[in-house]
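What follows is a set of notes on a single structure, which appears directly below.
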Amino acid sequence: MYKLKYLITFVLIGSISGNYAQEIQPISKTEVLNRVSEANQQIKISVEAFNEAKADYRQTNAVFLPNISVSHTAIATTNPLMAFGSKLNQEIVTQADFNPDALNNPSQIQNYATVFEFQQPLINMDGFYQRKAAKYKMEAMALQTDRVKDYVNFEVENAYMQLQLAYKAVAVLEKALEATEANLQLAKNSFDQGYLQRSDVLLVEVRVTEVKNQLQTARSNVKNASNYLSFLMNDTSDVVLKPQDSLQLETTVLETNKSLNEERADIKAMQLAANARETMYKSDKMTFLPTLNAFGSYQLYDDSLFQFGADGYLVGAELKWNILQGTKRFGKAKKSKATLEKSKLEYQQYVSKSQLELNKTKRLLQDMESKLELSKLAMEQSKEALRIRTNRFKEGLEKTTDLLIAETQFAQKELEYYQTIFEYNSTKAYLNFLTIN
């Protein structure tokens, strides 16, 4: 029975391990970037926002292109004016129709009219400026889309490094667990030989439990980082991603003396948005000027459905000047001017804030370089201290508590070192994001 239980347990563990292994999917950063560029929802949303602006711009073609419509109307009337007019349009008026009795009390008449109408804008200064503003908006949205892509790529860099860091933490804690369990075995042997007290063994057992808990949290962090990377790729499959390369110190040299580039996509987009508001202000002022439009129609009439017994046309032009619309236009012009001034201030504030962020990131990168050196030195020192204390503990010359302190400190310093590498690489990536064109 015991052998049977052991065999069942072995098979179950093997099955679970095999299933877990199937869920792990190796992936490279290049593959992530490619999949993100194709499927990321944030990028798709920004592209659709650009398409909206592009469609708004295309609507302004109405400033130049004619408006053409076709209608077919059917009426039956005994209204004296309508009846006589319908006969005129159908070109069927006779001398008898001028009889006062026939004019005042006509018989019912049917009229079917097919009308082709067009309106051709000629001079609409406000419309011209609205079209120009729509173009500025479209160009601004195109730049915003580019900036969103840059930001998502930065997020991918960061998320990929987070995943690398999570796997590093698992590796460090697995190694710490292995060392702690080895020390536990040493402590038990020493206890059996009478060199240690039971309390010392319990301290080591507590440390083993503590490391196991930390390892479980680290493995959960791997899944969390993996899920976020899948989210960026718009991948809903439940797999655990594993980077094909481990976390390494980024050695690419950046020009830290670079100043803020006002041609950067997001800053240029803010400038274009301000230009659009300025143009809309000009458009509102142009509403005080007259407009000139041409119009015309071609009509077909008959007393039977879809028959075209008579025709006629009408062409003309209209010069229209709305002299006063209450205070509506004055208020609208003042509002657009205030909006323009606000957009200028927002642009200046955005540039200043971007410069502030750039300066802050440069200083942070310098701080991270110093922190990297110190954390590496601390890790090496704690490693050497652990080696010495472990050897002395094996010889019975070291306290259990001192060994546990050294072991804990080394694991902590190793994790801090990899965390510092991540922060340094992330700061570099952010600096590159801030200075990219």
Side-chain angles (χ1 to χ4, degrees), residues 27-30 32-33 36 147-173 175-176 214 217-218 221-222 224-226 228-229 232 241-262 264-267 350-386 408-437:
I27 195 167
S28 66
K29 185 165 68 174
T30 302
V32 174
L33 288 170
V36 164
R147 190 58 176 171
V148 167
K149 291 177 181 177
D150 292 338
Y151 176 75
V152 171
N153 286 340
F154 164 70
E155 275 290 292
V156 169
E157 292 265 359
N158 225 29
Y160 191 79
M161 287 189 293
Q162 282 275 15
L163 188 60
Q164 290 177 322
L165 178 63
Y167 273 100
K168 278 289 187 182
V170 169
V172 168
L173 291 170
K175 186 172 64 175
Q214 291 175 348
T217 301
N221 288 338
V222 166
N224 292 337
S226 175
Y228 183 61
L229 205 56
L232 291 175
L241 301 175
K242 183 175 183 178
Q244 291 183 350
D245 48 348
S246 61
L247 183 66
Q248 300 290 335
L249 186 64
E250 178 59 55
T251 57
T252 304
V253 179
L254 293 179
E255 295 183 30
T256 56
N257 59 346
K258 270 185 167 182
S259 59
L260 182 68
N261 183 10
E262 294 191 12
R264 200 176 73 187
D266 56 332
I267 297 177
Y350 190 80
V351 172
S352 298
K353 189 175 181 180
S354 298
Q355 183 65 60
L356 179 68
E357 188 70 14
L358 179 60
N359 294 339
K360 178 183 175 182
T361 306
K362 287 179 180 179
R363 288 190 292 268
L364 180 60
L365 184 62
Q366 293 175 352
D367 295 341
M368 293 308 304
E369 289 173 352
S370 301
K371 184 178 178 181
L372 190 64
E373 293 178 3
L374 293 175
S375 62
K376 183 179 180 180
L377 179 61
M379 181 187 69
E380 292 172 347
Q381 290 173 341
S382 61
K383 182 179 180 180
E384 179 62 18
L386 176 61
T408 303
Q409 189 176 47
F410 172 61
Q412 179 183 352
K413 295 303 178 183
E414 193 172 10
L415 289 173
E416 286 179 1
Y417 175 64
Y418 289 122
Q419 176 68 29
T420 305
I421 289 179
F422 165 75
E423 291 174 358
Y424 175 78
N425 291 349
S426 180
T427 305
K428 257 191 167 181
Y430 187 51
L431 181 61
N432 184 60
F433 169 70
L434 293 176
T435 55
I436 196 171
N437 292 341

Short side-chain donor-acceptor distance under 3.5 Å, Ser246 and Gln248: yes

Backbone N/O of Ile436 and side chain of Arg264: donor-acceptor pair under 3.5 Å: no

Worked verdict on Asn261 versus Thr435 for side-chain contact (heavy atoms from CB on, under 4.5 Å): CA-CA 7 Å; Asn261 183 10; Thr435 55; over 6 Å; no

Close side-chain approach of Ile27 and Gln244, heavy atoms under 4.5 Å: no

Leu374 CG to Lys413 NZ distance, which is reported to the nearest 0.5 Å: 10.0 Å

Nearest heavy atoms of Val351 and Glu262, plus distance in Å: CG1-OE2, 3.9 Å

Side chain proximity check, Val32 to Leu232, heavy atoms < 4.5 angstrom: no

Side chain to side chain, Gln162 and Tyr228, heavy atoms closer than 4.5 Å: no

Inter-residue atom distance Leu247.CG - Tyr167.OH, 0.5 Å rounding: 14.0 Å

Donor-acceptor under 3.5 Å (Ser354 side chain, Tyr350 main chain): yes

Minimum heavy-atom distance Ala411-Val172, with the two atoms named: O-CG1, 4.1 Å

Pairing of Lys383 and Glu414 as salt bridge, 4.0 angstrom limit: no

No-hydrogen, no-angle side-chain donor-acceptor test under 3.5 Å, Asp245 and Tyr160: yes

Side-chain heavy atoms of Glu423 within contact of Lys371, under 4.5 Å: yes

Test item: Thr361 and Thr427 side chains (from C-beta on) under 4.5 Å apart, heavy atoms: yes

side-chain contact (heavy atoms from CB on, under 4.5 Å) between Leu372 and Tyr417, worked out: CA-CA 7 Å; Leu372 190 64; Tyr417 175 64; 4.2 Å; yes

Ion pair Glu157/Lys29, N-O distance below 4.0 Å: yes

Greater than 12 external heavy atoms within 6.0 Å of Tyr151's OH: no

Parallel, tilted or perpendicular: ring planes of Phe433 versus Tyr430, cut at 30 and 60 degrees: parallel

Worked verdict on Leu364 versus Leu431 for side-chain contact (heavy atoms from CB on, under 4.5 Å): CA-CA 10 Å; Leu364 180 60; Leu431 181 61; over 6 Å; no

Side-chain ion pair, Lys376 and Glu373, N-O less than 4.0 Å: no

Ser226 side chain to Leu241 backbone, donor-acceptor under 3.5 Å: yes

No-hydrogen, no-angle side-chain donor-acceptor test under 3.5 Å, Asn359 and Gln355: yes

Side-chain (Ser426) to main-chain (Phe422) donor-acceptor, under 3.5 angstrom: no

Gap separating the OG atom of Ser28 from the CG atom of Leu33, nearest 0.5 angstrom: 8.5 Å

Distance, nearest 0.5 Å, that separates CG of Leu415 from CD of Gln412: 8.0 Å

Contact check, side chains of Leu165 and Ile421, non-hydrogen atoms, under 4.5 Å: no

Check: Glu250 main-chain N/O paired with Asn425 side-chain donor or acceptor under 3.5 Å: yes

CG-CE distance between Leu229 and Met161, expressed to the nearest 0.5 angstrom: 11.5 Å

Pair Tyr418, Gln164: side-chain N/O donor-acceptor within cut-off below 3.5 Å: no

Backbone N/O of Leu365 and side chain of Lys428: donor-acceptor pair under 3.5 Å: no

Heavy-atom side-chain proximity of Asn221 to Asn224 below 4.5 angstrom: yes

